[in-house]
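This chain uses plain numbering: 1 for the first residue, then up along the sequence. The shown structure was predicted, so the numbers you read here are calculated from the model rather than taken from an experiment.
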Amino acid sequence: MPSNIYFTGFMASGKTRIGKMLAENLKRDYIDSDALIEERSKKSIAKIFEQDGEAKFRELEKEAIKEISQKEKAVVSLGGGAITKSENLRVVRNSGILVCMRATPEILCERIGRNNKRPLMADLEPEARLEKIKTMLAEREQFYSLADFSIDSNESPPEERVLPLILEALKLWEHLTARVELSSGGNYPVFIGKNILKHIHILLKTLKLLPQNDMLVCTDSNIAKKQKENLKMLCKKAGESKSFIFPAGENSKQLEVLNRLWTFMLKHRYSRKSCLLQFSGGVIGDMAGFAAATYQRGISFVQIPTSLLAMVDSSVGGKVAINHTEGKNMIGAFYQPKAVMCDLAVLRTLPKEEFRAGLAEVVKYGIIYDYDFFEWLEKNADAILEKNIAALKYIVKRSCEIKAAVVSVDEHELGLRAILNYGHTFGHAIEKLTDYSKFSHGIAVGLGMRVAGRLSVITGRWSAEEEARQNELLSKFRIPKSLKECKVEFSLKAIWNAMGTDKKADKQIRFYILPLRLGEVEKTAEPTKEQVLEAFRAVL
């Protein structure tokens, strides 16, 4: 269960009543931020507004929320305008989850009219009160929409529907692990846990996707067989939705195959009020995301990754694309999902090679961003390989946190986000030269990381000892040491040409992400062709 549960919403939306009922049900302390302010100042809220002004009240409110955030396992009702201040929202987010109570302007007007002494509504006639409510709701919507989820509180009494719905929602939201805060504004949640797929209907309801939207579940032929019962359950809980099954494999990631989905959606009259649920690995995640980005100029979609690689990488960040004969992921967009749900239980059917492929991306996060994480991976490699649930949850959690932190600063890869491409320029070349059929993406990236590590040593950026630590960890996770080991051979000329079409290149300048030390990398165009090809010999 989340540490603290905060309620926000307009005055008279039910925050206090529902908050008290929830606290009693969960046997938690209940705190009303307005009541705390009154207690500390020895004045009513109305008197504070009257004598000291709204600015003074907001300062007292900020102090009260900061004090409340230091508590644990509390249910808190916030004042209606509390989260319009960014510092309050940040404090709330860091100490719990935020639930927004919503009611129609007409119902709010009627409720407020029963006690017409609220400072911002005092002595207004019903018609004027309704207009002011509508205006204030419109002004605050941008803030209320930042809540983790919303609950309609139009009905009375709330015990019959509202409280059970919140209790049900909390079964899922206790698995909230990260939030992806976008540099362009907005955010979305990432859930990680075991056997949480059964809560998909709660997610869709609390994100206001059900019952408003028509759902369509996208998967591939392998998952449709291996996760047959989960697929059936997913379709049922998503409003008895249909499913669309792509052929499995990287070779499906092309325009002709994706066009089948668009055609299916058009024939079945899916509209702009539709939502795609992606239930597969990274290939279908990229394709379904690109379909969502482009179908009728954009519809909602949710990522439900089934591979470790997709959980730790492609499901978070909003990169969606298809391949082209000239290069990988060349046709695509930045388009963010509404949420990401990682159910660790589905990994039990994941083939060993695909599991290892995901571990390559996990190692990447330690090298590019977090030395402590890299060291933890070294110490816990055996538990990870044994698929210990606690270890799996941690590596998925930390990987998602790191990617979310990077994306929050640079959503569209204009700077910092480029570090996530460590090993990818070389890995994409390997994939292209094998027609995307020989290697899993993660395995190719793992080989690419070996090349990048060698290039960093050649150019004097990091030590041979650090390179050896990287390579030893990759080997522990059964990432191949060479192309020869995989029974593949290329000429250096072919490799150089294949790297030339990588989308990381800019105006024919080739950029590389190279480590400076474990936990830090840089983007550079400094290495020469000779140095790059010498580094590539490390995996030949």
K.L.:
Which residue is it: Val521, Ile402, Asp410? I am looking for the one with a side chain to side chain contact (heavy atoms under 4.5 Å, CB included) to Ile419.
P.N.:
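For Ile419, the side chain to side chain contact (heavy atoms under 4.5 Å, CB included) check succeeds only for Val521.
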
K.L.:
To the nearest 0.5 Å, what is the distance between NE2 (His201) and CG (Leu203)?
P.N.:
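That separation rounds to 10.5 Å.
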
K.L.:
Inspect the contact between Asp29 and Lys73 and indicate whether a charged nitrogen and a carboxylate oxygen are less than 4.0 angstrom apart.
P.N.:
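Result for this pair is no, no salt bridge flagged.
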
K.L.:
Does a side-chain heavy-atom distance below 4.5 Å link His441 with Lys328?
P.N.:
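The answer is yes, as the side chains (C-beta and beyond) meet within the 4.5 Å cut-off.
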
K.L.:
If you look at every heavy atom in Ile97 and Phe149, which pair is closest and at what distance?
P.N.:
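In terms of heavy atoms, the two residues are closest at CD1-CE2, 3.9 Å.
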
K.L.:
Surrounding NZ of Lys62 (heavy atoms of other residues, nucleotides or ligands, distance under 6.0 Å), is the total greater than 12?
P.N.:
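No - once you tally the heavy atoms of other residues, nucleotides and ligands closer than 6.0 Å, there are 12 at most.
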
K.L.:
What's the separation between atom CD1 in Ile299 and atom OH in Tyr270, rounded to the nearest 0.5 Å?
P.N.:
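Nearest 0.5 Å value for the CD1-OH distance: 9.5 Å.
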
K.L.:
Do the rings of Phe373 and Tyr394 sit parallel, tilted or perpendicular, given the 30° and 60° boundaries?
P.N.:
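Correct class here is perpendicular.
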
K.L.:
Report yes or no: is the cationic atom of Lys523 (NZ for Lys, CZ for Arg) under 6.0 Å from the centre of the six-membered ring of Tyr512, at an angle within 45° of the ring normal?
P.N.:
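Judged by the rule (NZ or CZ under 6.0 Å from the ring centre, within 45° of its axis), Lys523 is not positioned above Tyr512.
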
K.L.:
So which heavy atom on Lys338 is nearest to which on Leu207, and how close?
P.N.:
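Minimum heavy-atom contact is O-CD1, 3.9 Å.
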
K.L.:
Run the numbers on His424 and Glu431 for side-chain hydrogen bond (donor to acceptor under 3.5 Å, both in side chains), then give the verdict.
P.N.:
CA-CA 10 Å; His424 284 58; Glu431 287 182 281; over 6 Å; no

K.L.:
With heavy-atom distances below 4.5 Å as the criterion, would you say the side chains of Leu170 and Leu22 are in contact?
P.N.:
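They are in contact (side-chain heavy atoms under 4.5 Å apart), so the answer is yes.
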
K.L.:
Go through the steps for His412 and Phe334 under the test ring pair (Phe, Tyr, Trp, His ring centres under 6.0 Å), then give the verdict.
P.N.:
CA-CA 7 Å; His412 295 114; Phe334 290 95; 5.1 Å; yes

K.L.:
Just do the side chain to side chain contact (heavy atoms under 4.5 Å, CB included) check on Arg179 and Asp148 with the steps written out, would you?
P.N.:
CA-CA 9 Å; Arg179 293 184 185 90; Asp148 289 303; 2.8 Å; yes

K.L.:
Can you tell me how far the CD1 atom of Ile202 sits from the CE atom of Met341, to the nearest 0.5 Å?
P.N.:
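CE of Met341 is found 8.0 Å from CD1 of Ile202.
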
K.L.:
Taking the side chain as every heavy atom from C-beta outward, state whether Asn323 and Met330 have any atom pair closer than 4.5 Å.
P.N.:
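Of all side-chain heavy-atom pairs linking Met330 with Asn323, none is under 4.5 Å.
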
K.L.:
Any heavy-atom pair between the side chains of Ser307 and Phe355 that's under 4.5 Å?
P.N.:
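No, too far: nothing below the 4.5 Å cut-off.
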
K.L.:
Does Glu401 form a salt bridge (Lys or Arg N to Asp or Glu O under 4.0 Å) with Lys397? I'd like the steps, not just the answer.
P.N.:
CA-CA 6 Å; Glu401 286 174 343; Lys397 173 180 181 289; 2.7 Å; yes

K.L.:
List the atom of Ile5, the atom of Val99, and the distance in Å for their closest heavy-atom pair.
P.N.:
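Heavy-atom minimum between the residues: CG2-CG2, 4.2 Å.
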
K.L.:
Answer yes or no: are there more than 12 heavy-atom neighbours, outside Glu24 itself, under 6.0 Å from its atom CD?
P.N.:
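Check fails, neighbour count at 12 or below.
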
K.L.:
If only atom types and distance count, is the side chain of Ser280 paired as donor or acceptor with the main-chain N or O of Thr219 below 3.5 Å?
P.N.:
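Such a contact is absent between Ser280 side chain and Thr219 backbone.
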
K.L.:
Tell me whether the count of non-hydrogen atoms from other residues, nucleotides or ligands lying under 6.0 Å of CD in Glu63 goes above 12.
P.N.:
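Counting other residues, nucleotides and ligands, CD of Glu63 exceeds 12 neighbours.
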
K.L.:
If we ignore angles and hydrogens, is there a donor and acceptor under 3.5 Å between the side chains of Glu413 and Asn421?
P.N.:
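Per modelled atom types, Glu413 and Asn421 side chains form a pair under 3.5 Å.
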
K.L.:
Determine whether Asp343 and Lys198 satisfy the following criterion, salt bridge (Lys or Arg N to Asp or Glu O under 4.0 Å), listing intermediate values before the conclusion.
P.N.:
CA-CA 9 Å; Asp343 190 334; Lys198 61 188 176 185; over 6 Å; no

K.L.:
Rounded at 0.5 Å granularity, tell me how far CG in Leu392 sits from NZ in Lys194.
P.N.:
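Going from CG on Leu392 over to NZ on Lys194, the span is 10.0 Å.
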
K.L.:
For a salt bridge (Lys or Arg N to Asp or Glu O under 4.0 Å) check, start with the C-alpha distance between Asp286 and Lys319, then their side-chain angles and the critical distance, and finish with the verdict.
P.N.:
CA-CA 7 Å; Asp286 278 6; Lys319 276 188 175 182; over 6 Å; no

K.L.:
Are any of the side-chain heavy atoms of Leu350 and Arg356 separated by less than 4.5 Å?
P.N.:
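They are not in side-chain contact.
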
K.L.:
Pair Glu72, Asn4 - check side-chain hydrogen bond (donor to acceptor under 3.5 Å, both in side chains), show working.
P.N.:
CA-CA 6 Å; Glu72 292 184 356; Asn4 291 330; over 6 Å; no

K.L.:
Could you tell me the separation between the CG atom of Asn230 and the CD1 atom of Ile223, rounded to the nearest 0.5 Å?
P.N.:
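CD1 of Ile223 is found 9.5 Å from CG of Asn230.
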
K.L.:
Apply the test side-chain hydrogen bond (donor to acceptor under 3.5 Å, both in side chains) to residues Asp214 and Ser274: give CA-CA distance (whole Å), side-chain angles for both, the deciding distance (0.1 Å), then the verdict.
P.N.:
CA-CA 5 Å; Asp214 291 324; Ser274 300; 4.6 Å; no

K.L.:
Apply side chain to side chain contact (heavy atoms under 4.5 Å, CB included) to the pair Leu261 and Met287, showing each step before the final yes or no.
P.N.:
CA-CA 9 Å; Leu261 173 59; Met287 293 179 73; over 6 Å; no

K.L.:
Hey, what's the ring geometry for Tyr371 with Phe374, parallel, tilted or perpendicular (30° and 60° as the breaks)?
P.N.:
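Tyr371 and Phe374: parallel rings.
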
K.L.:
For Asp152 and Lys208: C-alpha separation, side-chain torsions, deciding distance, then whether salt bridge (Lys or Arg N to Asp or Glu O under 4.0 Å) applies.
P.N.:
CA-CA 10 Å; Asp152 290 332; Lys208 301 299 180 187; 3.5 Å; yes

K.L.:
Do you know which two heavy atoms are closest between Ala345 and Asn195, and how far apart they sit?
P.N.:
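Minimum heavy-atom separation between Ala345 and Asn195: CB-OD1, 3.3 Å.
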
K.L.:
Please evaluate residues Ser475 and Arg450 with respect to the criterion side-chain hydrogen bond (donor to acceptor under 3.5 Å, both in side chains), reporting the C-alpha separation (whole Å), side-chain torsions for both, the decisive distance (0.1 Å), and the verdict.
P.N.:
CA-CA 10 Å; Ser475 295; Arg450 292 183 186 275; 3.0 Å; yes

K.L.:
With a cut-off of 6.0 Å (strictly less than), are more than 12 heavy atoms of other residues, nucleotides or ligands near NZ of Lys387?
P.N.:
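Result for NZ/Lys387: enclosed.
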
K.L.:
Do the non-hydrogen side-chain atoms of Leu277 and Ser241 ever get within less than 4.5 Å of each other?
P.N.:
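Counting from C-beta outward, Leu277 and Ser241 never come under 4.5 Å.
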
K.L.:
Quick check: closest heavy atoms across Ser153 and Ala103, and the distance to 0.1 Å?
P.N.:
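Closest pair (atom of Ser153, atom of Ala103, distance): OG-CB, 3.9 Å.
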
K.L.:
Can you check whether Arg469 reaches Leu473 side chain to side chain, under 4.5 Å on heavy atoms?
P.N.:
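No, their side chains stay 4.5 Å or more apart.
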
K.L.:
For a quick test of reading the model, state the closest non-hydrogen atom pair linking Ser3 to Ser95 and the distance between them.
P.N.:
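So the minimum-distance heavy-atom pair works out to CB-O, 3.6 Å.
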
K.L.:
Could you state the interatomic distance from CD1 (Ile192) to NZ (Lys393), rounded to the nearest 0.5 Å?
P.N.:
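Spacing of CD1 (Ile192) from NZ (Lys393) equals 7.5 Å.
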
K.L.:
Take Ile166 and Ile18 through the side chain to side chain contact (heavy atoms under 4.5 Å, CB included) test and state the conclusion after the steps.
P.N.:
CA-CA 9 Å; Ile166 291 174; Ile18 291 295; 3.5 Å; yes

K.L.:
Would Arg297 and Arg272 count as a side chain to side chain contact (heavy atoms under 4.5 Å, CB included) if you check the C-alpha gap in whole Å, the side-chain angles of each, and the deciding distance to 0.1 Å?
P.N.:
CA-CA 8 Å; Arg297 297 186 176 90; Arg272 297 188 75 180; 4.3 Å; yes

K.L.:
For the pair Glu361 and Lys364, find out whether any cationic side-chain nitrogen is under 4.0 Å from an anionic carboxylate oxygen.
P.N.:
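Salt bridge: yes.
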
K.L.:
Around Lys237, counting heavy atoms of other residues, nucleotides and ligands shown, do more than 12 lie under 6.0 Å from its NZ?
P.N.:
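For Lys237, atom NZ is crowded (more than 12 foreign heavy atoms under 6.0 Å).
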
K.L.:
Side-chain polar contacts of residues 74-87 - donor-acceptor pairs under 3.5 angstrom, sequence neighbours left out - could you list them?
P.N.:
{"residue": "Ser77", "atom": "OG", "partner": "Lys15", "partner atom": "O", "Å": "2.9"}
{"residue": "Ser77", "atom": "OG", "partner": "Tyr30", "partner atom": "OH", "Å": "2.7"}
{"residue": "Thr84", "atom": "OG1", "partner": "Gly81", "partner atom": "O", "Å": "2.6"}

K.L.:
When you compare the side chain of Asn25 with that of Lys20, does any pair of heavy atoms fall below 4.5 Å?
P.N.:
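No - every pair of side-chain heavy atoms lies 4.5 Å or more apart.
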
